[in-house]
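All remarks here apply to the structure that follows.
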Amino acid sequence: MMKRSTTFLAPPVMKMLINGEFTDSKATTFTDIVNPATGDVIARTPNCTQEEMAAAAADSQKAFLKWRDVSVSNRVRVMLKLQAIIRDRSPDLAKILTEEQGKSLVDAEGDIFRGLEVVEHACSMGTLQMGETVNNVSAHMDTYSYR
């Protein structure tokens, strides 16, 4: 006779992304991510410690100091790459939204598409910034128009 297993896998605990690396939190409390359609806990996210939050904020500040010197054209290239990734992974992203938020697949696909439209708008930033001045048109270069 076949015996039914009573072993259940614990839901995965999400990792933090700090300084470009995924790491485990030292948190002692967690928030469950629940599939509203089934009530199942599909993952747990740590309620990060103050030290972890400070480290994430400090890392963000360091990233900003580098990003602010990136030329507009290179920023647009980053956004174009993000656009391609979203397009390639739209079906997977929609499935995640469906599982985490209880949306229908069609509704989730619409949300992904609307997010993609925001990214596409950001891809036109080079043109949108044009006017009498364009800051950071290239590395350490601004342009000014005089009449």
### Query
Are the side chains of Phe30 and Thr45 in touch, meaning some heavy atoms are under 4.5 Å apart?
no
### Summary
Rounded to the nearest 0.5 angstrom, the CG-CG distance for Asp32 and Asp40 is 11.0 Å
### Message
Within the 4.5 Å heavy-atom criterion, are Val13 and Asp24 side-chain neighbours or not?
### Response
no
### Task
Determine, step by step, whether Ile42 and Val34 satisfy the side chain to side chain contact (heavy atoms under 4.5 Å, CB included) criterion, reporting the C-alpha distance in whole Å, the side-chain angles of both residues, the deciding distance to 0.1 Å, and the verdict.
CA-CA 6 Å; Ile42 56 175; Val34 177; over 6 Å; no
### Query
Under 3.5 Å, side chain of Glu52 to main-chain N/O of Thr49, donor-acceptor pair present?
yes
### Query
If you group Ile, Leu, Val, Met, Phe, Trp and Tyr by side-chain heavy-atom gaps below 4.5 Å, do Val72 and Val119 land in one group?
no
### Task
Walk me through it: do Trp67 and Val78 pass the test side chain to side chain contact (heavy atoms under 4.5 Å, CB included)?
CA-CA 11 Å; Trp67 181 252; Val78 170; 4.1 Å; yes
### Query
Does a side-chain heavy-atom distance below 4.5 Å link Val41 with Pro11?
yes
### Query
Using a distance-only test with no angle check, is there a side-chain donor-acceptor pair under 3.5 angstrom linking Asn74 and Ser71?
yes
#### Entry: Rounded distance [0.5 Å steps], OG1 in Thr98 versus CG in Leu105
4.5 Å
### Message
I'd like to know whether CD of Gln50 has more than 12 heavy-atom contacts from other residues, nucleotides or ligands below 6.0 angstrom.
### Response
no
### Message
Quick check for you: to the nearest 0.5 Å, what is the distance between Ile33 atom CD1 and Glu99 atom CD?
### Response
9.5 Å
### Query
Can you name the closest pair of heavy atoms from Asn35 and Ala37 and give their distance?
OD1-N, 2.8 Å
### Task
Starting at CG of Leu97, measure out to CD of Glu100 and round the result to the nearest 0.5 Å.
7.0 Å
### Message
Test of understanding: clusters of I, L, V, M, F, W, Y form through side-chain heavy atoms closer than 4.5 Å, transitively. Do Ile112 and Leu82 belong to the same one?
### Response
yes
### Query
Donor-acceptor pair, Arg44 side chain versus Met14 backbone, under 3.5 Å?
no
### Query
Could you state the interatomic distance from CD (Glu51) to NZ (Lys26), rounded to the nearest 0.5 Å?
9.0 Å
### Message
Ignoring hydrogens, what is the shortest heavy-atom contact between Val76 and Cys123? Give both atom names and the distance.
### Response
CG1-O, 3.2 Å
### Message
Check Glu109 with Arg114, please: is the shortest side-chain N to carboxylate O separation under 4.0 Å?
### Response
no
### Task
Answer whether the closest heavy-atom distance between the side chains of Leu116 and Arg87 falls below 4.5 Å.
yes
### Task
Group every Ile, Leu, Val, Met, Phe, Trp and Tyr by side-chain heavy-atom contacts under 4.5 Å, then state whether Leu17 and Met53 land in the same group.
no
## Note on the structure
When rounded to the nearest 0.5 Å, the distance separating CZ of Arg75 from CZ of Arg68 is 10.5 Å
## Note on the structure
In terms of heavy-atom contacts, Gly102 and Pro36 come closest through N-CG, 3.3 Å
